[in-house]
Every structure is written in structure tokens, then in C-alpha cells.
Amino acid sequence: MRFLTGFILPVALALAWEAAVRFGFAQGRLMPPPSRIFATLYDLAITGELFRHIAATTARIMAGFGLGVVAATVLGALAGASKLSRDVMDPTLQGLRAVPSIAWVPLFILWFGIFETSKIMLIAVGCFFPVYLGILGAILSVDRKIVEVGRIFRLSTPALVRRILLPAILPAYVVSLRTGLGLGWMFVIAAEFMGAAEGLGYLLIDGQQLGKPDQILASILTFAVLGKITDSLLAAAAAPFLTWQDAFARRD
Amino acid sequence: MLLVDNIEKIYPNGAKALERVNIAVRPGEIVAVVGGSGCGKSTLLRLIAGLDRPTRGKIMLDGEKIVAPHPAVGFVFQEPRLLPWLTVAQNAGFGLDGVPAPERNERTREVLQRVGLADHAKSWPRELSGGQAQRVAIARALAPRPKVLLLDEPFSALDAFTRASLQEHLLDLWEAFRPTLVLVTHDVEEAVFLADRVLVMRPKPGRFVAEINIALARPRDRYGEALDHAKRRVLAALDHSLQAQPRGEELAPAAAI
């Protein structure tokens, strides 16, 4: 039931706008009513074009996100595990973090060309920092007192990692993955604005250039739905490991 | 036999936490160490546990020198320190990792039964009260059947009623398993109620200044004359040990957690 309450506001707004256009209070040329947006979506869907764009965008996200997450996890774990590597790496990475990721675009295009590689790299860079910061922060804030319990029971280093450190950092890590994925969706548009023949970002630009606001809104809507779905999938995949947490257990 | 032999502990900052500390604890004996905060009593316990190394001297358990946490030595911290992602039963069986699963389950069940939490085996730590959580911590320490159980102010965070019931509980467990108990506390009543012997420590540097034997049969009457008398002797020794020091300087670099 509570699940449905979330729909009241957007549905009411959509109906109100639909009515306003129907009864002639608004023109709806630049801001098409929901019926036109859905009609556009439907047209894109039956030709199969929509799915081609979704597939292209999703593939970029997955590749970029995957790459960013692997790099961030390895470097974050390294920086968390040893003070020396943290002292060596962290200042540089923090400095790079201060660079807006979009600023890399010209360089990436020169380095990797205008096709897939530069796009995936941009997404990877965007996903990297929240995950790196998340895992590093999680490792540094592991309760020393709980680690001491492991020492009392003479856990070997691998056992300490498996039985105490990993479960302790998992909640913060999942949060950082979700943040990273959110940024991934942001950067995939930026990447597709750089010039792409397919993808939801291409659909946006195409809609702008051809003056089709319904197509722009249809892609925005698709972005919203896909973003929400991928985030929910990520949360659902992590949930079985986090049932012990108050927040997850009490969620209904 | 647990032997603390001429221990000295100097911290890297130069502070001397313990000086010439000697104890011999018989198997199955209950020894309480009392003293004000910062007298080095927790440091002493951490040294016995092998969590820290002494600067000088050695700790022997049945002829074996303790240099790192030892399988025959259990530890109960001031806080329960349960792992929040494990159930009560998994927490209680945490130290039984090398034991085959059927036996591990059996021993976990037994020890949870002993602490009266068999019904909570599948609960999460967050669902427990403070006293229940500390009982799980005691069960976890006892499950590997240690010869020596060290307790660092284990009941100090609990309310008076829970504390009294847990003290009795601890004695029941001691009856059942007969481990050597070394208990650090600042609660004099707790010390005389539980211990065969109370050692009074004095700070800066930490050392023993008095030893009070309490040769009273158990169960003891918490409010009886005899315990009251013992309590006064401990208090007198503590008072004496405090007066010899200028007050208000008892900083605690050593005893931190």
C-alpha cells in the first residue's frame, strides 16, 4: 500500500497536465502531455529502436561501472590495508577527485578515440571516486574493538578479513556502489553527448536537434525507470548479506 | 597455574604502566584485581591475554610462556563486542571454528543453555538487552573451554540488578566449567562477592599494594557481615593506596580500552 502512495503525486501531475492540454489551457508543443510521450515511447518500442538504445546505454554503463568498481575496490582496499600505500596514493587520488570528471572528455577522446573506449573510461572515472572513498572510509572506520575479538580467537589474517573485516565494511560498500551507479547513469549521458550513433543520450540529442520534445521526455522517462531498476537490483543483491542491519530489517 | 612473573610495562611515550607485578593464580581460583582508573589493571589483563607484550618479565600458563593470545585463555571485554552480522548462536560459537560442525553446534547449544539464552539462538545481537549481550559474550569466551577466563570490568556498564544477577550467573558457570577467573573491577562489592582473593592495585606505576583473602564458602550472602567486613578491608587498602598519591592526577594513558 505504501508502495502506491509514491505514485500519487506524479500520476496526479501527469493527469492535470494531460487535462490542461486537452481542454486547451495549454498548447503542449514544448511540453507534450503524457499521452504523447507514451505514444512516442510506444512507437520507439514497437520498431525495436528503443531497446537498441537501451541496450547500448546499459552495455556502456555496465562496462564503465564494472571497470570503475574493480579499480576503486582494489585501490581502496590497498589504501585501507596499508598506511604506506595510503600515504602514497591517497593525496594524488584526492587531487584527481577535485577535477570534474567531464574535464577528462577532450583528453579521453584524443587518447581513446570517439567510440566506445572513451565513453566507458569516462563512466569508469565517474564511478571510481565514490566507491574508492566508500571502501577506504569503511576500512578505516572498522571498530578496533571488534578486530581485537578476532585477535583473542587467534584468527589468521585471511580469516580476519573474511569473518570480521568484510562483513564490517559491506554496508558502507553497498552504499558507495549505489552512489557510484547513480553517477554512472549521469556520466553515460555526458558520454553519449560526446557523439554516439545509439543510446539514450543519442535519443536526447536527436530529439533536441529535430525539435521533438516528446522524444526527449520519453528518453528521460526511460532513464528514470532504468536508473531505479538497476539501483533496486543492486540493493536486492546485497540485501541477503545485510539482514542483520536495523535499516534493512525494519524496512517494510 | 597462571604465573605473572615480575612484569613491567612501559608505554612508547615513556609512561610506566606496571612495575614489578607478580601473581600466582591456582587452577580454578577466582582472583579479583581492584584499583582506581588508570592504575594499570586493564593493562595487566591485556598482557595476560597476550594482546600486548610486557616490557620486562613474563607470563606463564602451565609452564608455557604467553606471547600472543592463547587458546586456553578466554577474554570477556567491558562491552559485549558481539559481531552484529552474526546471530546469537553464531556469536557464541565464534571461537569454535576449527571444531567439526555437529560438535560445534552441540557445544554452542550447551553454552547458550548455560547462560540461559537457548531461546535466543537465532536472534540478532541488536535484539538483546545489555545484560543478555554480555551473557552471550561470556558464552563465546567459555565455548572453547578455556582454562583461564579473563574479565575486564565485565559488568560495569550494566544496571545494579542486572549486575548482581550476572555475578551469580558467572559463579554458576564457574561451578560448571571450573576455569581460573581473573576479574578486573573497580566495584569492591563485586570483587569480594566473587573472589577468593582480592588484589589491590595502586597507580603510577601500577603495582599491587595489598592482598585480601576471602575464605568464605559459596553461595555468599551479599549483604552479610562477613562480606561487609571483607569489603571494608579492601576499601581501607584502596583508601590507603589513594592517599599515598596526590589526588586528581590519575590520568589513564595505559588503561585505555
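Scope of the values below: all heavy atoms of this structure, side chains included, with no hydrogens, waters or symmetry mates. Not measured: the values here are computed from a predicted model. Every chain is numbered from 1, with letters handed out A, B, ... down the list of sequences.
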query: At a heavy-atom separation under 4.5 Å, does B:P125 approach chain A through its side chain, its backbone, both, or neither?
result: neither
field: Donor-acceptor pair, side chain of A:R151 and main chain of B:P69, under 3.5 angstrom
entry: no
- prompt: With a 4.5 Å heavy-atom cut-off, do B:P84 and A:I146 have their side chains touching?
  reply: yes
query: Do A:F153 and B:R140 touch side chain to side chain, with heavy atoms closer than 4.5 Å?
result: yes
task: Measure across A:E148 and B:L51 and return the closest heavy-atom pair with its distance rounded to 0.1 Å.
output: CG-CD2, 3.8 Å
Enter the distance from [X]:[atom1] to [Y]:[atom2] here, rounded to the nearest 0.5 Å.
| X | Y | atom1 | atom2 | answer |
| --- | --- | --- | --- | --- |
| A:L155 | B:D97 | CG | CG | 7.5 Å |
| B:F77 | A:I152 | CZ | CD1 | 4.5 Å |
| B:W85 | A:L170 | CH2 | CG | 10.0 Å |

query: Do the charged groups of A:D143 and B:R81 touch, with an N to O distance under 4.0 Å?
result: no
statement: Cut-off 4.5 Å, heavy atoms of chain B, and the answer for A:I164 is both
field: Residue part contacting chain B, namely of A:A168, when any heavy atom lies under 4.5 Å
entry: both
- prompt: Should A:W244 and B:L83 be marked as a side chain to side chain contact (heavy atoms under 4.5 Å, CB included) after you check the CA-CA gap, both sets of side-chain angles, and the distance that decides it?
  reply: CA-CA 10 Å; A:W244 55 274; B:L83 304 178; over 6 Å; no
